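Each remark here refers to the structure printed beneath this line.
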Amino acid sequence: MTIAAQIKMATEDALKHLYPGVEIPVSSITVNQTKPEFTGDYTVVLFPFVKLLRKKPDELGQQLGSYLIEKTGLFSGFDIVSGFLNLTVTDKYWVNFLLNHFNDQHYAEKPKHDRRIMVEYSSPNTNKPLHFGHLRNIFLGFAMAEVLKASGNQVVKANLINDRGIHICKSMIAWQHYAQGDTPERTGIKGDHLVGDYYVKFNDVYKQQVAKLVSEGMDEAIAEKEAPIMKETQEMLRNWEAGDSDTRSLWEMMNGWVYKGFNESYKRLGVDFDKMYYESDTYLLGKKIVEQGLQKGVLYKKEDGSVWVDLEDEGLDQKLLLRGDGTSVYITQDLGTAKLKYNDYKLDQSIYVIADEQNYHMQVLKLILKKLGEPCADGIYHLSYGMVELPTGRMKSREGTVVDADDMMDEMIALAREQTEQAGKTEGFSQEELDKLYETIGMGALKFYLLRVDPKKKMIFDPKESIDLHGFTATFIQYAHARICSILRKENVPLMPPNTRFQTFCCNEAILPAEKKLMLALEQYPSILENAAVEYNPSLLCNYSFLIAQLFNSFYDEHSISKAENEEKKHLRLMIIVMTAQVLRHAMHLLGIRLPEKM
RNA sequence: GGUCCGGUAGCUCAGUUGGAUAGAGCAUCAGCCUUCUAAGCUGAGGGUCAUUGGUUCGAAUCCAAUCCGGAUCACCA
């Protein structure tokens with residue numbers, strides 16, 4: 001249990017004993033870290049009890065403080081400042097904490113239990129390469145899955161590939177007409193980019209054809225439907241749905257190129273999936289659920305045969321589930337897929353990492369499943385995140401303002417190289433090691449940049465300003481880690497020393513402020529990790545890791561480890577930095593960010 | 001118009017179930033390398049927490065209204 005939780009419990013117990021007969025709600029006990037300008041480690045706020053007990057804050061604080069010192073043995077002293085009881089935790093507590101956890105690889109993790117959670121993320125369309133906006137989704141999904149794993153859950157990482165539909169046919173048609181048989185192999189262009197190029201080509205041709213028809217006097221709305229290339233594309237979609245073998249083999253070939261490209265990108269991004277779902281397999285699902293809903297009377301049919309659900313009682317609209325001709329719409333297949341996922345893995349929870357533009361859709365999806373009495377409904381959680389925008393507004397492929405994911409990775413790695421060379425820090429590395437280092441720094445910076453903001457907030461990315469490698473960045477954390485490793489190398493202490501390494505340690509000297517601040521923060525890691533899981537917010541780990549690195553840097557500046565005042569101090573500080581490095585690695589690992597031992 | 005989300009320093013963002021004088025980073029300015037890595041440390045300046053009212057010992061945080069920005073409300077996906 002964290003010290004903060006222990007203090008809360010001890011306070012509850014103390015109040016019961018000191019003031020029997022007065023009912024004090026547990027929720028009124030607040031325990032905070034003491035502000036730096038006051039002496040103490042943790043603070044109990046006295047105001048709520050002042051009113052209930054009708055006592056003066058000073059008197060109450062004296063009684064409470066004395067009781068806590070006497071009964072718990074956790075505190076070496078207390079101080080009352082205008083209604084706040086500031087408690088100082090004994091040095092012994094901190095030393096024991098260190099001895100117990102300094103080399104614990106699973107510190108802050110929760111024991112495994114059998115709660116099953118699926119995290120669906122990435123979920124790309126196969127008509128264009130990944131862009132910067134997708135990266136936020138991918139990093140968020142991966143990090144969330146890892147955080148939930150560390151919280152003891154059984155996690156399935158899933159990817160639902162949107163591999164069919166009119167937009168896919170657009171690339172296919174344009175390729176047929178204009179590619180003259182070009183392939184990724186022949187052109188040397190990455191498969192997803194090649195296909196994306198023909199998606200762009202389609203739009204160019206389409207725009208021209210529409211313009212031509214309009215200039216010939218056709219109404220624009222009609223021209224958009226009548227453009228020859230669009231009609232061809234719709235024809236192709238019908239052929240695809242009919243299972244036409246030529247269309248299917250073209251589709252398979254081009255999607256194959258895209259998957260190869262995606263897999264390269266995923267590998268470079270350091271993310272993985274346990275289960276792939278393909279829309280071509282799932283797009284017909286959901287009809288059965290709708291039929292059952294009709295029978296139950298939860299849904300209704302209009303005269304034209306279309307099927308609807310009425311969500312007006314829930315403050316929403318009426319929603320179409322099946323067209324008049326019996327074909328499904330987007331949400332129909334989502335109903336089916338939700339059930340499929342649930343049945344595949346017996347899920348307790350199903351998380352969808354999807355941008356906030358689909359908030360309404362997800363709300364409707366969950367509501368309909370609930371109305372239909374599907375057991376998968378309750379577990380659905382939409383991890384909604386704000387879109388990544390450019391200073392000029394949203395990225396638009398048609399306007400060529402999309403920041404490509406692969407390009408972005410290249411640029412970040414190039415930036416890492418540039419800055420490392422500029423800082424003159426390339427000595428003592430082989431070329432191979434340098435390449436790996438640039439990758440670690442560049443990718444770390446990219447991930448951290450996209451994960452450090454609260455997911456639900458939209459973020460603006462200015463490519464001109466690029467991404468900084470100073471301040472609130474992964475580089476800062478990586479640097480702190482490298483510094484620690486450097487000291488450990490010098491002192492012949494392994495990254496994960498055995499318990500016996502500091503067995504003879506005893507604590508006679510007072511813990512100094514810079515040491516204490518760092519230990520205090522390390523002690524909070526379990527509750528930070530828990531919050532990240534409960535609030536579905538990996539950015540908490542960014543904030544926390546940055547704080548730890550900051551505290552370490554100050555500590556490092558103030559106190560020498562190798563040349564500590566004496567052996568006892570040296571051992572204490574070595575344990576502190578071993579644990580600091582371990583916690584940083586752990587937190588960053590959950591975000592998919594690597595920490596170098598040298599940089 | 002309905003619903004949802006956001007508005008905190010010049011910029012990008014933190015701010016736990018309401019707690020002490022609202023914090024970081026970037027940028028600006030001033031210091032700190034003969035020392036375990038200066039990709040660092042220390043300090044300074046910079047605020048009508050969108051606005052107004054309410055709740056109370058106490059509000060950036062909770063409630064109401066208003067203003068601004070965004071998303072969404074398709075027989076699109």
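Proteins get letters first, then strands, A, B, ... in listed order; numbering begins at 1 in each. This structure is a prediction, so every number in the text was calculated from the model and none was measured.
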### Task
Classify the side chain of T43(A) and the base of A20(B) as holding, or not holding, a donor-acceptor pair under 3.5 Å.
yes

### Task
Give a yes-or-no answer on whether the side chains of D163(A) and S280(A) include a donor-acceptor pair shorter than 3.5 Å.
yes

### Query
Ring centroid separation for H481(A) and F552(A), is it under 6.0 angstrom?
no

### Query
Quick one: are the ring centres of F139(A) and Y121(A) less than 6.0 Å apart?
no

### Query
Glycosidic conformation of C11(B), syn or anti, with 90° from 0 as the boundary?
anti

### Query
When only distance counts, do a donor and an acceptor, one from the side chain of K425(A) and one from the base of U37(B), lie under 3.5 Å apart?
yes

### Query
Are W251(A) and Y278(A) close enough that their ring centres sit under 6.0 Å apart?
no

### Distance in angstrom units between L320(A) CG and C73(B) P, rounded
14 Å

### Query
OP1 or OP2 of A38(B) sitting under 4.0 Å from any side-chain N/O of Y556(A)?
yes

### Query
Would you say U42(B) has OP1 or OP2 under 4.0 Å from some side-chain N or O of S554(A)?
yes

### Summary
To the nearest angstrom, the CG-P distance between L383(A) and C5(B) comes to 15 Å

### Query
Within the modelled atom types, does a donor on one side and an acceptor on the other bring the side chain of N86(A) and the base of A20(B) under 3.5 Å apart?
yes

### Query
Are any of R452(A)'s side-chain N or O atoms less than 4.0 Å away from OP1 or OP2 of C26(B)?
no

### Message
Output the rounded distance in Å from CD (E279(A)) to C1' (C76(B)).
### Response
12 Å

### Query
Which part of the nucleic acid, if any, lies within contact of M387(A), taking any heavy atom under 4.0 Å across all strands shown: a base, the sugar-phosphate backbone alone, or nothing?
nothing

### Query
Does K457(A) make a side-chain N or O approach to OP1 or OP2 of U12(B) shorter than 4.0 Å?
no

### Summary
E389(A) CD to G6(B) P, in whole Å, measures 16 Å

